[in-house]
Amino acid sequence: MFAHTPLRVTTLALLAAGSLAYAFAARFYGLEILAEIAILAILVIALDLVAGFGGMVSLCHGALLGVGAYAFTVAANDAGLTALPAMLLAVALTSALSFVIGAVCARSTGIYFIMATLAFGQMAYSFVFQSPLFGGDDGLSGAPRPDLSALGIDLTDSRAFAVYAILLVAIAYLVAAATLRSGLGRSLVGLHHNEKRLRALGLTVWRAKATVFAISGALAGLAGCLAAQHTQFISPGLLSWTVSGEALVVVILGGLGTLVGPLLGAILFVVLKHEISAITPYWHAVVGLILIAVVMSRAPGVFGFIEARWAARSAKPGIKEAKADA
């Protein structure tokens with residue numbers, strides 16, 4: 001069951017404080033990197049919710065991010081909605097689509113679930129790529145940013161937008177954490193460990209999985225809205241399966257099933273991408289080698305390794321006391 005341990009709370013506090021401090025200290029390039037990290041962080045929170053805690057490894061979350069981005073842009077540009085209502089509509093539409101995908105894929109597990117979600121993602125990519133309504137392979141431009149001038153905030157300013165992006169990451173994390181601590185979240189963890197027992201107890205398995213998948217999809221849609229607002233341009237590349245693959249790499253790198261770990265993974269991935277790509281175009285190979293090292297070491301990601309070491313260190317005094325009493 002998910003719980004906020006002292007280590008997790010401390011890590012979250014340090015990440016929040018560090019991100020905000022960097023947002024107020026960095027210049028344009030650093031602020032753009034911070035916004036990119038925030039987009040990826042929301043996406044990997046969404047993926048960890050279903051993959052890390054529910055065992056539903058999805059390769060369509062990149063497509064869900066793209067659906068959110070396109071729904072937001074079309075709602076704002078063609079339907080005439082302002083940015084905030086367009087965001088709500090995009091998140092709702094992505095959530096509804098995710099519920100359908102989750103319901104269809106609920107009876108499959110393992111590699112079959114992965115392939116089913118990949119098929120949905122590729123269908124969405126092909127539809128957007130070939131549709132004149134969505135600009136085809138040329139994409140769409142002109143995605144607006146929310147107008148918060150009534151609050152004295154100008155989101156066209158990179159610094160203000162970076163702080164806004166950090167706030168959306170915090171909201172996404174709180175939604176995911178609240179879901180995991182609810183009865184639905186406990187059922188999800190139970191399904192991951194023993195689906196047959198939960199089914200025997202009367203749980204409607206497909207509905208529980210589809211509901212969690214819908215919540216995860218809503219968060220992926222939120223990441224898509226933020227991505228569209230960041231660059232103010234979207235293309236079918238957002239729906240590519242490689243986006244889902246990168247998100248899965250980040251979740252594993254940070255710590256699958258920790259919710260905090262993927263945040264660290266997002267920071268490491270984006271920083272490594274930009275720093276290594278300045279030296280060599282083969283930065284994917286370097287990240288791949290790091291991922292192989294993490295997997296081969298059997299460490300549950302960077303944060304999982306830290307948690308395991310922390311737990312072992314905390315247990316030593318108790319073991320010594322027990323031996324002394326014996």
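Just so you know, these numbers come straight off a predicted model, no measurement behind them.
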**Any Tyr173 side-chain heavy atom under 4.5 Å of Leu12 side chain** = yes
For the side chain of [X] and the backbone of [Y], is there at least one donor-acceptor N/O pair under 3.5 Å apart?
{"X": "Asp48", "Y": "Gly257", "value": "yes"}
{"X": "Asn77", "Y": "Ser141", "value": "yes"}
{"X": "Ser216", "Y": "Ala46", "value": "yes"}
{"X": "Arg107", "Y": "Trp206", "value": "no"}
{"X": "Ser108", "Y": "Cys105", "value": "yes"}
{"X": "Ser95", "Y": "Ala218", "value": "no"}

**Presence of salt bridge, Glu195 and Lys209, under 4.0 angstrom** = yes
Taking atom [atom1] of [X] as the centre, does the number of heavy atoms from other residues, nucleotides or ligands within less than 6.0 Å exceed 12?
{"X": "Phe305", "atom1": "CZ", "value": "no"}
{"X": "Gln232", "atom1": "CD", "value": "yes"}
{"X": "Met123", "atom1": "CE", "value": "yes"}
{"X": "Arg159", "atom1": "CZ", "value": "yes"}

Looking only at heavy atoms, which two atoms of [X] and [Y] are closest? And how far apart?
{"X": "Ile39", "Y": "Ala227", "answer": "CD1-CA, 3.5 Å"}
{"X": "Thr11", "Y": "Leu7", "answer": "OG1-O, 2.7 Å"}
{"X": "Ala124", "Y": "Ala63", "answer": "CB-CB, 4.2 Å"}
{"X": "Leu140", "Y": "Phe233", "answer": "O-CD1, 3.1 Å"}
{"X": "Ser19", "Y": "Leu34", "answer": "O-CD2, 3.8 Å"}
{"X": "Leu89", "Y": "Ala75", "answer": "CD2-CB, 3.9 Å"}

**Prompt:** Looking at the rings of Phe269 and Trp283, which for Trp means the six-membered one, are their centres under 6.0 Å apart?
**Reply:** yes
**Item:** Close aromatic pair by centroid cut-off 6.0 Å: Phe53 and His193
**Value:** no
Say you draw a straight line from [atom1] of [X] to [atom2] of [Y]; how long is it, rounded to the nearest 0.5 Å?
{"X": "Leu43", "Y": "Leu47", "atom1": "CG", "atom2": "CG", "value": "6.5 Å"}
{"X": "Cys60", "Y": "Leu65", "atom1": "SG", "atom2": "CG", "value": "11.5 Å"}
{"X": "Ile215", "Y": "Leu184", "atom1": "CD1", "atom2": "CG", "value": "5.5 Å"}

**Item:** Of Leu180, Leu191, Val50, the residue whose pairing with Val212 passes side chain to side chain contact (heavy atoms under 4.5 Å, CB included)
**Value:** Val50
**Asked** Looking at Phe120, Trp241, Phe213, which one forms a ring-ring contact (aromatic ring centres under 6.0 Å, His included) with His61?
**Response** Phe213
**Message:** Check whether Phe2 forms a cation-pi arrangement with Arg181 (NZ or CZ under 6.0 Å from the six-membered ring centre, at most 45° off the ring normal).
**Reply:** no
